[in-house]
Amino acid sequence: MIVTQQHVDGILNYRGTMTVRDSAVGSNAKVVRTAPSPKAGAAEHVQVGVITILPLETQAVRLALGLRSERVGDLTFYRAAVDGVSVAATSALEPGQRSAMAAYNNLVSVFDPEIAVLVGIGGGVHESVAIGDVVLATEMVYYDLRKVTPSGTPRRGETRPVPAAVGHAVNAFLTDLDQPSRLAIEDPEGTSRSVAVHAGPIGSGEAVIADEDAAEIAFLASFNDKILAVDMEAGGLGQACHERSAASGRQHRWMVVRGISDHADRNKSDAPQRVAAWHAAQVLRRLLPYLKNDR
């Protein structure tokens, strides 16, 4: 066997493997350690996530909550700390259940909110609800499940209540109002209104309803005569939160705030939409302290 000797300033390895961590070699060498970068895709936590559908709904929420825009990849979010509550908002690509679910997934992947709130306009279908009122959903009735048969197409309603913690938050909010079930709201032009705030079930499906005699309205009235309003996204949000709990191992809270812009009848008009959206956004702002989780 031939033995050779070599003089090196450093580390010599001959036909072996070696792992060196947190080490330095040579004169005046030093080790500089830096904190690891966050994992790619890790969500930044906020307390309340907001989903809007129409641009006028997004505008109302931004103004009412003082949110600033922020780009994340190809998506735009809106953020602020509002009365001590961290908020992140996003807008769905288009109306409907599927786009609402996608918006929720985008919101969760970036900000992982403790609760997701769908905010905007809806159609009132109960005699107690007037245009300009605000409805807080305590239960969602999805009306678009049906079976097509030669003898007809019966509907199969599906219900999903909001989580119990959300129901308690709504009750506490309504209890604290200065006037029973009413809230004073001033719009950006300075006009003040006394707005009725209702809590109860809403219907949700894929239809824009502009006919008081529509089969959807009749079905909802027969299913539950206390249904207050209808929309096109609450079913998707409720389902997305329900299914996400299987992967996360925790309950994902959700709620819906709808400013009433029409009666889902043939007189349906776009004119009241901006005021209705503003009322919904203002009610959301007053709700925020009740929605945050202090655990």
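Just the heavy atoms: all of them, side chains too, but no hydrogens, waters or symmetry mates, feed the values below.
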(message) What I'd like to find out is whether the side chain of Met101 reaches to under 4.5 Å of the side chain of Glu243, using heavy atoms alone.
(response) no
(request) Find the distance between CD (Gln239) and CZ (Arg98) and round it off to the nearest 0.5 Å. (result) 14.5 Å
(request) Measure the shortest side-chain to side-chain distance between His198 and Val129 over non-hydrogen atoms and say whether it is less than 4.5 angstrom. (result) yes
(request) State plainly whether one hydrophobic cluster holds both Ile53 and Ile115, where clusters connect Ile, Leu, Val, Met, Phe, Trp and Tyr through side-chain heavy atoms under 4.5 angstrom apart. (result) yes
(message) Quick check: do Leu107 and Phe77 have side-chain heavy atoms less than 4.5 Å from each other?
(response) yes
(request) Using a 4.5 Å cut-off on heavy atoms from C-beta on, say whether the side chain of Ile227 contacts that of Glu139. (result) no
(request) State, with a plain yes or no, whether a side-chain heavy atom of Ile121 is found less than 4.5 Å away from one of Asp262. (result) no
(message) Taking Val110's backbone N and O only, do any of them form a donor-acceptor pair with Glu44's side chain (distance below 3.5 Å, no angle check)?
(response) no
(message) Quick check: closest heavy atoms across Ala277 and Leu56, and the distance to 0.1 Å?
(response) CB-CD1, 3.5 Å
(message) How long is the straight-line distance from CG of Leu136 back to CG of Leu228, given to the nearest 0.5 Å?
(response) 9.5 Å
(message) For the residue pair His45 / Glu114, report whether a side-chain donor-acceptor contact shorter than 3.5 Å exists.
(response) yes
(message) Side-chain heavy atoms nearer than 4.5 Å, only ILVMFWY residues, links allowed to pass through others: does that put Val170 and Leu177 together?
(response) yes
(message) Using side-chain heavy atoms (C-beta onward) and a distance below 4.5 Å, is Glu158 in contact with Arg160?
(response) yes
(request) Output the distance between atom CG (Asp231) and atom CZ (Arg258), rounded to the nearest 0.5 Å. (result) 4.0 Å
(message) Using side-chain heavy atoms (C-beta onward) and a distance below 4.5 Å, is Glu216 in contact with Arg155?
(response) yes
(message) Using every non-hydrogen atom in the two residues, find where Gly120 and Ala280 come nearest and quote the distance to one decimal.
(response) O-CB, 3.6 Å
(message) Let me confirm one number: the CG-CZ distance from Leu63 to Arg285, rounded to the nearest 0.5 Å.
(response) 10.0 Å
(request) Carefully, step by step, assess Arg193 and Val275 under the rule side chain to side chain contact (heavy atoms under 4.5 Å, CB included). (result) CA-CA 10 Å; Arg193 301 180 181 87; Val275 170; 4.0 Å; yes
(message) Evaluate Met140 against Trp254 for side chain to side chain contact (heavy atoms under 4.5 Å, CB included), listing each step before the verdict.
(response) CA-CA 11 Å; Met140 182 279 304; Trp254 62 279; 3.9 Å; yes
(message) Check for me, please, whether Tyr142 and Phe219 land in the same ILVMFWY cluster - side-chain distances under 4.5 Å, paths through other members count.
(response) no
(request) Starting from the C-alpha separation in whole Å, work towards a yes-or-no answer on side-chain hydrogen bond (donor to acceptor under 3.5 Å, both in side chains) for Ser194 and Arg182. (result) CA-CA 6 Å; Ser194 178; Arg182 301 197 76 86; 2.8 Å; yes
(request) Carefully, step by step, assess Phe173 and Val197 under the rule side chain to side chain contact (heavy atoms under 4.5 Å, CB included). (result) CA-CA 10 Å; Phe173 170 74; Val197 182; 4.3 Å; yes
(message) Please find the pair of heavy atoms, one from Asp133 and one from Ser128, that lie closest to each other, and give the distance.
(response) OD2-O, 4.0 Å
(request) Show the numbers, then the answer: is there a side chain to side chain contact (heavy atoms under 4.5 Å, CB included) between Thr90 and Ile51? (result) CA-CA 5 Å; Thr90 190; Ile51 298 171; 4.3 Å; yes
(message) If I compare all heavy atoms of Pro201 with all of Asn224, which pair ends up nearest, and what's the gap?
(response) CG-ND2, 3.9 Å
(message) So His263 and Glu212, do their side chains get closer than 4.5 Å, heavy atoms only?
(response) no
(request) Look up atom OG in Ser109 and atom CG in Leu75, then write down how far apart they are to the nearest 0.5 Å. (result) 7.5 Å
(request) Please answer whether the main-chain N or O of Gly96 pairs with a side-chain N or O of Glu233 as donor and acceptor at a distance below 3.5 Å. (result) yes
(request) To the nearest 0.5 Å, tell me how far Gln59 CD sits from Trp278 CH2. (result) 11.5 Å
(request) Could you tell me whether the side chain of Ser99 and the main chain of Leu93 form a donor-acceptor pair under 3.5 Å? (result) yes
(message) Quick check: closest heavy atoms across Ala229 and Val125, and the distance to 0.1 Å?
(response) N-CG2, 3.7 Å
(request) Take Tyr143 and Phe223, measure what ring-ring contact (aromatic ring centres under 6.0 Å, His included) needs, and give me the verdict at the end. (result) CA-CA 9 Å; Tyr143 63 74; Phe223 189 90; over 10 Å; no
(message) Please check this pair: side chain of Ser86 against backbone of Gln47, looking for a donor-acceptor N/O pair closer than 3.5 Å.
(response) yes
(message) Using a 3.5 Å distance criterion without hydrogens, assess whether the side chain of His279 forms a donor-acceptor pair with backbone atoms of Val134.
(response) no
(request) Compare every heavy atom of Met232 with every heavy atom of Pro95, then report the nearest pair and how far apart it is. (result) CB-CE, 4.5 Å
